[in-house]
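First comes the structure, then the notes that go with it.
Every number for a ligand or one of its atoms is a count from 1 in the order of the listing. Residue numbers count from 1 along this sequence.
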Amino acid sequence: MSEAIEVYEVEGRTFPPPAEFAAQANTRDRSFYEEAEADYEAFWARQARELITWDTDFDTTLEWNLPDAKWFVGGKLNITANCLDRHVEAGRGDKVAYHYEGEPGDTRSITYGELLTEVKKFANVLKGLGLQKGDIAAIYMPMILELPIAMLACARIGVAHSVIFGGFSADAIIDRCDDAKAKVIITADGGNRKGAPAPLKHTVDEALSRGAETVENVIVANRCDLDPDMVDGRDHWWHDLMADASDDCPAEPMDSEQLLYLLYTSGTTSKPKGIMHTTGGYLAQTCFTHKYVFDLKPDTDIYWCAADIGWVTGHSYIVYAPLANGCTSVMYEGTPDTPHRGRFWEIIEKYKVTQLYTAPTAIRMFMKWGTQEPERFDLSSLRVMGTVGEPINPEAWMWYHEHIGGGNTPIVDTWWQTETGGQMITPLPGVTTTKPGSACHAIPGVFAELVDNDGKPVSVGGGYLTIARPWPGMLRGIWGNPERYLETYWSRFEGRYFAGDGAKIDDDGYLWLLGRVDDVMNVSGHRISTTEVESALVDHPAVAEAAVVGANDDLTGQAIIGYVILRGTHEASKELGDEIREHVGVRLGKIARPKTVIIVPDLPKTRSGKIMRRLLRDVADGRALGDTTTLADPAVVAEIAAGAAGGDED
Ligand code: PRX
């Protein structure tokens, strides 16, 4: 068994759903679990019919030919008709879809009716530029309303979107556009980040000057008045195109398996993979979980998912599910500490937010800032609080519970992945007795099982997390690479989806997620591949060889530590080390920049030539590491050398 599956002491505390909450919850007993256990296809079919408006009902719930799944076969729907038209047609056009809060404090509320008009118009803009069903549009935007509008406009006409997180670099744009053969990039001049405009368009220009040759047009929304260069014939202002666009664009029914989007995520190789999501199954699972995991009451709730739409959390739980479920959401552009450290709590007080969905890394940061920040605000509107992206340590869970939730607000720790489309393992807040640090149980209709190295089910103890049966929101493949899809997810354990995570199941059957068991790091809830960072390090002219590990970090969960060997004539210096760190930032984007680069004369290898990462991780874990370069510290070298003499890693 991999060393990553070491098990920590299981928490003893338990928190049953508060009686008052349970009494009003959307689901209050085990009936969903029982129904799904008895016939999970029938369960999902019922949910899909209840939650989704179909133009043509499906005839087959599931066609499963491992690893290829088709859900709700024969069904036709338009996802934007579900997100928008049906609410407007039901007389809810004046209901606010998003309360938008810009970082500088500017606000804008957009109703379902207004959003529908914008989406129709932008869909016509895309058609006007020649985009058709089956094409792919790249979107590289800050958190502004034009981002969900662009995504929905694509979906309305069957163009798949590929959203590229706004913090990524020009190289990341090139890789993703080349792989997807994107025809257009939708972007903005910039977005507000920590009190200043952060330009975006110029990164697109840089990408297009070096690659992304399939891109014919660039659409630029004006957020910050940055006045970027506009290339004649290629670049168009959003507002110019929209000024002339018609708002007549009926929602064409699409096949349930119509490709909805690609979202690139890191795996164990150096190139990110394009995870494919389709329409019907994805919408069914995201709507179901959004309604029952957050106990959503669309008429009265104000829901806030504080993620960035550039990640899957934002796709599923800022855009598609909240809109399809017809709720009012808050959408926030900025960071939690701008202009002050009480920003989140101020927003909750201002809008009377009922559900907050954020990441453990943010909670740990809030803990560090102290209780005086949330204490300044009225947080009593909160009914359910979610976390996602990484394991939540029990201390952070308790802090969230006590200081944000006032000791009586259910917490839902939701485990899922870009690949799963929607939440998979989580409490249901009116049903589940929670334990701080445990994501508790698979949702009804999802079969999470732990297995040992040989694929044998583990009923108590540590193991590899697998999903034993297909689920509606599952990825439908890796774009352009069916072999890699089969190999990555469906080959390690026969007949099972392998998530790449280790977990423990306790005596009561509760699941405790323990982190990745492969070469994928999790930094502040973001997936970064060690190989990808290593490639970026060796891409620097002074670097001969590099090894990257994720070390434990109190704030970010894991921190990226890069060990590098310099090429012949280069002298180790702090400046060079810092330059190498920055180089990764430029190649991949700031989130992938190593926290520390350690310049070493040699790397420990097994007899078969494999780098001994465990040893490097131990060395990094045993050291207080700052945002720095560490030069060949003799003690580090000695430890690495001693370990290198120790033979093979398992
Ligand atoms: O290791 C798990 C961790 O995040 C990985 C998925 O990352 P990504 O595809 O970027 O999606 C993140 C948001 C859905 C998983 O393999 N992870 C996610 N949620 C949790 C988690 N680990 C523990 N507990 C969670 N609640």
Between Asn393 and Arg364: side-chain donor-acceptor atoms closer than 3.5 Å: yes
Mind jotting down which protein residues get a heavy-atom contact under 4.0 Å with ligand 1? Chain and number order, please. Val312, Thr313, Val388, Gly389, Glu390, Pro391, Asp413, Thr414, Trp415, Trp416, Gln417, Thr418, Asp501, Leu513, Arg516, Asn522, Arg527
Please tell me whether His277 and His315 form a close aromatic pair, meaning their ring centres lie under 6.0 Å apart. no
Determine whether the aromatic ring centres of residues Trp71 and Tyr282 are separated by less than 6.0 angstrom. no
Knowing that exactly one of Phe447, Tyr497, Tyr40 qualifies, which makes a ring-ring contact (aromatic ring centres under 6.0 Å, His included) with Trp471? Tyr497
Side chains of Tyr261 and Leu263: closer than 4.5 Å at any heavy-atom pair? yes
Salt bridge flag under 4.0 Å for residues Asp553 and Lys595: yes
